[in-house]
Amino acid sequence: MILLFDMDGTVIDSTEAILESFKVSFERHQDTQRDEEAIKALIGFPLETMYIRLGVSKSVAMEYVATYKKYYRSIAKEKTVLLKGAREAIIEASTFARLGVVTTKTGKYTKEILEHMGLLEYFETVVGFEDVSQPKPDAEPILTALNRMSHSNEAVWMIGDTHMDIISAKNAKVDAVAVTCGYESKEALQKISNHVTNNVYEAVHYIKTLSK
């Protein structure tokens, strides 16, 4: 069995680091600050998409992204925490499945965060934004992870907190469990997923039960 995990809102809470990095990027580009709730509603999308949806011109959005990434990396470890039960969920999952990460975060920074938290060793692969041409909800990120893991006929589950995770799984023709501890409401997730749990720990136990 293979379990693939999203990061933000599923395994980690880096909201403080994300919001602070957006604030700094707007300041340094002498732009108007955006509403924090508007930013949080877009977490999970690629950074360029987030900036464009927040009103930044596509022609300069990647300049904002570069500023964001440089600052984010300097504070990410300090201002990112594991969500409740995430460590236990990953350790438990590793006893009955092979694990991977599929995220729209930069893979390089994701590895640094996981290593800082002592969890990188549990994952065979980390697929980040820079590893694909089409991010979630496209199937490519999941298929990239499965290709790296030499997937054959094993059952595959994706665990994530947004519709992008669930749709990506459907596009890749794998199963998915949505968690409500992240950035989308339970009501929204129930419309697109048959399996909705409160957090990643419950998601792992649900999958483990089905695997018996």
From [atom1] ([X]) to [atom2] ([Y]), nearest 0.5 Å:
X: T180; Y: N198; atom1: OG1; atom2: CG; value: 4.5 Å
X: E63; Y: S57; atom1: CD; atom2: OG; value: 9.5 Å
X: D175; Y: W157; atom1: CG; atom2: CH2; value: 4.0 Å
X: D161; Y: D8; atom1: CG; atom2: CG; value: 8.0 Å
X: K58; Y: I52; atom1: NZ; atom2: CD1; value: 4.5 Å
X: M158; Y: I2; atom1: CE; atom2: CD1; value: 13.0 Å

Nearest heavy atoms of [X] and [Y], plus distance in Å:
X: A169; Y: A176; result: CB-CB, 3.6 Å
X: A97; Y: L3; result: CB-CD1, 3.6 Å
X: G9; Y: V179; result: O-CG2, 4.1 Å
X: I90; Y: L99; result: O-CD1, 3.6 Å
X: S133; Y: P135; result: O-CD, 3.9 Å
X: V127; Y: P141; result: CG1-O, 3.8 Å

| task | Determine, step by step, whether R28 and Y64 satisfy the side-chain contact (heavy atoms from CB on, under 4.5 Å) criterion, reporting the C-alpha distance in whole Å, the side-chain angles of both residues, the deciding distance to 0.1 Å, and the verdict. | result | CA-CA 9 Å; R28 293 185 180 173; Y64 283 67; over 6 Å; no
Between [X] and [Y], does any side-chain N to carboxylate O distance fall below 4.0 Å?
X: K23; Y: E36; value: no
X: D31; Y: R34; value: yes
X: E130; Y: K108; value: no
X: K40; Y: E37; value: yes

Answer with yes or no whether the hydrophobic clustering places [X] together with [Y]; edges join I, L, V, M, F, W, Y residues whose side-chain heavy atoms lie under 4.5 Å apart.
X: I113; Y: V126; answer: yes
X: V56; Y: M62; answer: yes
X: F45; Y: L47; answer: yes
X: I167; Y: I43; answer: no
X: M164; Y: L143; answer: no

Can you tell me if [X] and [Y] form a side-chain donor-acceptor pair at under 3.5 Å?
X: T144; Y: D131; result: no
X: T106; Y: K69; result: yes
X: D165; Y: T162; result: yes
X: H163; Y: E184; result: yes
X: Y183; Y: T15; result: yes
X: K79; Y: Y72; result: no

| What do the steps show when you test I75 against S21 for side-chain contact (heavy atoms from CB on, under 4.5 Å), and what is the final call? | CA-CA 9 Å; I75 64 168; S21 298; 3.9 Å; yes
| query | So F129 and K105, side-chain contact (heavy atoms from CB on, under 4.5 Å) or not? Walk me through it. | reply | CA-CA 6 Å; F129 178 76; K105 295 176 80 67; over 6 Å; no
May I ask you to test the [X]-[Y] pair for a side-chain heavy-atom distance under 4.5 Å?
X: T110; Y: E115; result: no
X: L4; Y: L146; result: yes
X: I142; Y: V174; result: yes
X: L54; Y: F22; result: yes
X: Y201; Y: K84; result: no
X: Y68; Y: I18; result: yes
X: M117; Y: I12; result: yes
X: Y122; Y: I91; result: yes

Indicate yes or no for a side-chain donor-acceptor contact from [X] to the backbone of [Y] under 3.5 Å, with no hydrogens or angles considered.
X: T80; Y: K77; value: no
X: Q190; Y: V196; value: no
X: T209; Y: H205; value: yes
X: T197; Y: E202; value: no
X: T104; Y: G44; value: yes
X: K136; Y: V102; value: yes
X: S168; Y: D138; value: yes

| request: Classify the angle between the aromatic ring planes of F5 and F123 as parallel (below 30°), tilted (30 to 60°) or perpendicular (above 60°). | output: perpendicular
| Does a sphere of radius 6.0 Å around CD in E27 hold more than 12 heavy atoms from other residues, nucleotides or ligands, not counting ones at 6.0 Å or beyond? |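 Atom CD in E27 is crowded, with more than 12 foreign heavy atoms closer than 6.0 Å.
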| message | Is the distance from the ring center of F26 to that of Y51 below 6.0 Å? | response |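 Between Y51 and F26, which both carry aromatic rings, the centre distance is below 6.0 Å.
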| task | Show the numbers, then the answer: is there a side-chain contact (heavy atoms from CB on, under 4.5 Å) between H151 and V156? | result | CA-CA 9 Å; H151 167 252; V156 179; 3.5 Å; yes
| task | Show your reasoning for whether salt bridge (charged side-chain N to carboxylate O under 4.0 Å, His left out) applies to E154 and R98. | result | CA-CA 10 Å; E154 297 162 276; R98 300 162 61 204; 2.7 Å; yes
